[in-house]
Amino acid sequence: MSPRDVLGRDVGPDVRVQFTSLRGPVVRSLSLGSDGPGTTPHVVVLPGLGLPFYTIPTARAIASRGLACTVLDLPGFGSNLPRPTSPSIHAAGLLAARWIEARRGDRPVVVLGHSTGGQAALTAALAVGVHHRRLALVLAGTTFAPEQRRLDRLVRATPFAYRDDRLDQIDPMEVWRGRTGILAMLRSGLHDAPEERIARLTAPLTVTAGVHDAFAPLAWLDQLALAATAAPSVRTSLLGGSHNNLFTHPDEVADLVLRAAADTTSE
């Protein structure tokens, strides 16, 4: 078995594959850019359904804007290595919080979560935010709107959610490695109510989606934004593309993340 088979798809020479031991679990991550001064925010990405490959274009665009960016391979479908956590949004989010606390220290952090990764990112932000004040949360294409928390309704929305997306955004090996774990992540997301949990968020919030994303209609973004009653600021933005616009419209997403990064350093 080649190193590429073990570590995941080759995503380019600018991407550093790193491993962090968290007193037991070992988290694989994909990092771009350099940290810079301790006051420079670091962006941490949690991908949807645990499939990291499609997030790399946005991570690369974020790094090109002067911010370090790390995509966490959680729950671990990006390689053949042992998974560091069980396949659920809350398990992934809590382990992401441990990674942030271990690796980022006092540096400002933007947590960017996409799709079910947005639900996991909310879990991470709520855990980290207890004692880390220089924090911002970006929820992109967050699932699932209340009316889509039944499998039949979710299936009906699916063809319209990906109307602007491309087949090459998905790494088939990640899907193969995930298999039943992806279904577990999906079930976990369907049983979550982020509009209830987000009321406890005390960090600046950005909610966004592609304009053609049927999984994240504007009414659902507004519901999340209005429910974030403790957040010091809330921003809502529709961008180009459909559900996986982190792959198809990385510069638009990166520009929005850059604005969120400024929220972590403002007084």
Side-chain angles (χ1 to χ4, degrees), residues 46-55 74-78 83 85-94 112-124 126 137-199 207-228 236-249 253:
L46 279 81
L49 294 178
L51 304 174
F53 173 74
Y54 78 94
T55 67
L74 293 175
F77 304 152
R83 294 178 191 168
T85 187
S86 60
S88 78
I89 58 168
H90 295 304
L94 290 174
L112 165 61
H114 176 254
S115 194
T116 55
Q119 294 171 270
L122 176 58
T123 297
L126 290 172
L137 175 63
V138 179
L139 298 180
T142 301
T143 48
F144 292 101
E147 65 272 15
Q148 294 179 2
R149 291 176 195 161
R150 280 178 35 184
L151 195 55
D152 59 334
R153 295 177 181 176
L154 183 63
V155 168
R156 285 200 295 270
T158 297
F160 304 100
Y162 296 98
R163 68 186 77 177
D164 296 336
D165 290 313
R166 295 160 30 190
L167 292 176
D168 61 345
Q169 67 192 4
I170 297 299
D171 178 1
M173 285 304 298
E174 289 180 352
V175 177
W176 173 249
R177 293 186 194 102
R179 295 197 299 281
T180 58
I182 291 173
L183 294 177
M185 291 286 287
L186 181 63
R187 286 194 296 269
S188 174
L190 286 169
H191 287 92
D192 182 36
E195 74 277 9
E196 296 176 5
R197 298 191 294 123
I198 207 168
V207 290
T208 182
V211 66
H212 294 150
D213 184 355
F215 287 155
L218 183 58
W220 171 231
L221 301 187
D222 287 343
Q223 184 177 354
L224 287 170
L226 290 171
T236 302
S237 180
L238 284 178
L239 303 178
S242 50
H243 189 57
N244 281 354
N245 67 346
L246 271 70
F247 188 88
T248 59
H249 292 71
V253 179

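Remember, it's a predicted structure, so these values are computed and weren't measured experimentally.
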Subject >> Minimal non-hydrogen separation, Phe53 against Glu174, with atom names >> reply: N-OE2, 3.1 Å
**OP:** Please identify each residue that fulfils side chain to side chain contact (heavy atoms under 4.5 Å, CB included) with Ala140, with sequence neighbours left out.
**Re:** Leu112, His114, Thr208, Leu246
**OP:** Would you give the length of the straight line joining atom CZ of Phe160 to atom OG1 of Thr158, rounded to the nearest 0.5 angstrom?
**Re:** 10.0 Å
**OP:** Would you check if Leu154 and Leu186 make a side-chain contact, meaning some heavy-atom pair closer than 4.5 Å?
**Re:** yes
**OP:** Would you mind listing every ring-ring contact (aromatic ring centres under 6.0 Å, His included) that reaches into residues 162-181, with sequence neighbours excluded?
**Re:** Tyr162-Phe215, Tyr162-His243
**OP:** Check Asp165 against Asn245 and note the closest heavy-atom contact, atom names and distance.
**Re:** OD1-N, 4.2 Å
**OP:** Applying side chain to side chain contact (heavy atoms under 4.5 Å, CB included) between Ile89 and each of Thr116, Leu49, Leu46, Leu74, report the one that passes.
**Re:** Thr116
Original post:
Mind checking what makes salt bridge (Lys or Arg N to Asp or Glu O under 4.0 Å) contact with Arg163, not counting sequence neighbours?
Top reply: none
Original post:
To the nearest 0.5 Å, how far apart are CG in Asp222 and CG in Leu218?
Top reply: 4.5 Å
Original post:
Taking all non-hydrogen atoms of both residues, which atom of Arg83 and which atom of Pro75 are closest, and how far apart?
Top reply: CB-O, 3.4 Å
**OP:** Check side chain to side chain contact (heavy atoms under 4.5 Å, CB included) between Val175 and all other residues, then give those that pass, not counting sequence neighbours.
**Re:** Leu51, Ile170, Ile182
Subject >> Qualifying side chain to side chain donor-acceptor pair (under 3.5 Å) pairs, either residue in residues 142-151, two or more places apart >> reply: Gln119-Thr143, Arg149-Glu195, Arg150-Asp152
Subject >> Atom pair CE (Met185) and OG (Ser115), whose distance is rounded to the nearest 0.5 Å >> reply: 9.0 Å
Subject >> By side chain to side chain contact (heavy atoms under 4.5 Å, CB included) - contacts of Ala216 (at least two apart) >> reply: Ala209, Asp213, Trp220, Leu221
**OP:** Starting at CG of Leu126, measure out to NE2 of His90 and round the result to the nearest 0.5 Å.
**Re:** 10.0 Å
